[in-house]
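In what follows, a single structure is set out as structure tokens and then discussed.
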Amino acid sequence: MKHFMIYANQHKDVGLKTTERIGKYLETKGQRVSVRLMQREQETDRDPFPEDADCMIVLGGDGTVLQAVREKQGKHLPIVGVNLGTLGYMTEIELSNLETALDRLVSGDYEQESRMMLEGRIFAKDEELRQGWALNDIVISRSGSLQIIQYKIYVNGMFLNEYNADGVIITTPTGSTGYNLSAGGPLVEPRAKLIMVTPICPHTLNQRSIILSPDDVVEIVIPEGREGKDQTVG
């Protein structure tokens with residue numbers, strides 16, 4: 001590797017002290033370093049990731065990793081996380097062994113893991129409103145008043161199931177330990193290739209997740225509510 005890109009959460013890396021520490025250390029090893037700060041929610045247009053970047057070092061917690069993945073828009077760029085958060089399931093490097101980990105990256109002493117991602121698209125009246133990528137999950141849940149929402153699930157264009165629930169989670173194996181687990185879904189080995197669909201608080205005696213192929217196309221349709229009123233989800 002010759003070009004490292006540091007993706008920093010400035011709220012976790014106060015004063016960008018760890019960013020500076022990593023940058024200076026890598027430069028002493030003859031590496032090129034660029035820095036990108038975590039995007040704010042209101043920012044929509046940003047310069048693309050540099051094409052010649054070999055690795056992205058993410059500084060923050062698991063949420064920072066997920067945001068970095070969304071911003072790189074499916075670009076095949078390896079990510080390694082430095083834990084500046086609390087639990088750090090996806091940020092394996094601790095500050096106590098930072099330089100040792102950087103030396104291993106520079107020397108090529110590491111293994112890469114492939115994780116599947118989801119591409120999500122939102123449509124309203126046949127118009128695409130939004131598109132994005134998710135490393136962990138895509139969640140559709142009620143918004144506004146406390147009411148149960150009806151969800152119709154289609155897989156590859158064929159009707160599969162229907163839920164009356166608070167929401168539906170479509171998750172990758174990486175995301176199985178998150179919201180999916182809290183909703184009663186199964187734990188999955190993170191390097192597996194599959195899609196899980198898990199209802200949130202469904203009105204049924206049997207709550208079961210559905211396991212699908214990674215190549216399946218899942219469509220969730222929100223029909224009209226009572227008296228033809230729109231069902232509001234987020």
Rounded to the nearest 0.5 Å, how far apart are [atom1] of [X] and [atom2] of [Y]?
X: I149; Y: I200; atom1: CD1; atom2: CD1; answer: 11.5 Å
X: T18; Y: L98; atom1: OG1; atom2: CG; answer: 7.5 Å
X: K12; Y: L84; atom1: NZ; atom2: CG; answer: 8.5 Å
X: R70; Y: M117; atom1: CZ; atom2: CE; answer: 9.5 Å
X: L26; Y: I57; atom1: CG; atom2: CD1; answer: 5.0 Å
X: I220; Y: I140; atom1: CD1; atom2: CD1; answer: 4.0 Å

Check your understanding: Got a sec, which residues hit salt bridge (charged side-chain N to carboxylate O under 4.0 Å, His left out) with E119, two or more places apart in sequence or on another chain?
Key ->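 Per chain and number, E119 pairs via salt bridge (charged side-chain N to carboxylate O under 4.0 Å, His left out) with R121.
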Exercise for review: Applying salt bridge (charged side-chain N to carboxylate O under 4.0 Å, His left out), name anything that partners E92, two or more places apart in sequence or on another chain.
Suggested key: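 E92 satisfies salt bridge (charged side-chain N to carboxylate O under 4.0 Å, His left out) with no other residue.
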Answer yes if [X] and [Y] sit in the same cluster of Ile, Leu, Val, Met, Phe, Trp and Tyr residues linked by side chain heavy atoms under 4.5 Å apart, and no otherwise.
X: L194; Y: I170; answer: no
X: V106; Y: Y110; answer: yes
X: V217; Y: F159; answer: no
X: I210; Y: M196; answer: no
X: M116; Y: I138; answer: yes

Practice item. Would you please test T174 and N136 for side-chain hydrogen bond (donor to acceptor under 3.5 Å, both in side chains) and show each step? Key: CA-CA 5 Å; T174 300; N136 57 345; over 6 Å; no
Counting distance only, does the side-chain N/O of [X] pair as donor-acceptor with the main-chain N or O of [Y] below 3.5 Å?
X: D13; Y: K17; answer: yes
X: D216; Y: V218; answer: no
X: Q67; Y: V65; answer: no

Exercise for review: List in chain and number order the residues that pass ring-ring contact (aromatic ring centres under 6.0 Å, His included) with F123, two or more places apart in sequence or in another chain; answer none if no residue qualifies.
Suggested key: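 ring-ring contact (aromatic ring centres under 6.0 Å, His included) list for F123, sorted by chain: empty.
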In the structure I gave you, are the side-chain heavy atoms of [X] and [Y] within less than 4.5 Å of one another anywhere?
X: K125; Y: E127; result: no
X: L181; Y: S176; result: no
X: Q10; Y: L16; result: yes
X: V221; Y: Y154; result: yes
X: V188; Y: T177; result: no
X: L135; Y: M90; result: yes
X: Y7; Y: M38; result: yes
X: V80; Y: I93; result: yes

Point to revise | Side-chain H-bond candidate by donor/acceptor type, T171 with D137, under 3.5 Å | key: no
Practice item. Would you tell me whether N83 and E94 have side-chain atoms, one donor and one acceptor, within less than 3.5 Å of each other? Key: yes
Do [X] and [Y] sit within salt-bridge range, that is, some charged N less than 4.0 Å from a carboxylate O?
X: E189; Y: R191; answer: yes
X: R115; Y: E113; answer: yes
X: E71; Y: R36; answer: yes
X: E99; Y: R21; answer: yes
X: D215; Y: K193; answer: no
X: K2; Y: D52; answer: no

Review point. For M56 and K72, what are the C-alpha separation, side-chain angles and deciding distance, and is it a side chain to side chain contact (heavy atoms under 4.5 Å, CB included)?
Key: CA-CA 10 Å; M56 179 161 58; K72 74 186 185 78; 3.9 Å; yes
Exercise for review: Please test C55 against M5 for side chain to side chain contact (heavy atoms under 4.5 Å, CB included), starting from the C-alpha separation and ending with a verdict.
Suggested key: CA-CA 6 Å; C55 178; M5 177 179 164; over 6 Å; no
Write down the atom of [X], the atom of [Y], and the distance for their closest heavy-atom approach.
X: C201; Y: D166; answer: CB-OD2, 3.6 Å
X: T19; Y: I6; answer: O-CD1, 3.7 Å
X: N180; Y: S209; answer: OD1-OG, 4.3 Å
X: I195; Y: S213; answer: CD1-O, 3.5 Å
X: T64; Y: L59; answer: CG2-O, 3.6 Å
X: G60; Y: T91; answer: O-CG2, 4.0 Å

**Study point:** side chain to side chain contact (heavy atoms under 4.5 Å, CB included) evaluation trace for I222 with Q150
**Key:** CA-CA 6 Å; I222 313 297; Q150 184 183 21; over 6 Å; no
Review point. Would you say the ring centroid of Y151 lies under 6.0 angstrom from that of Y163?
Key: no
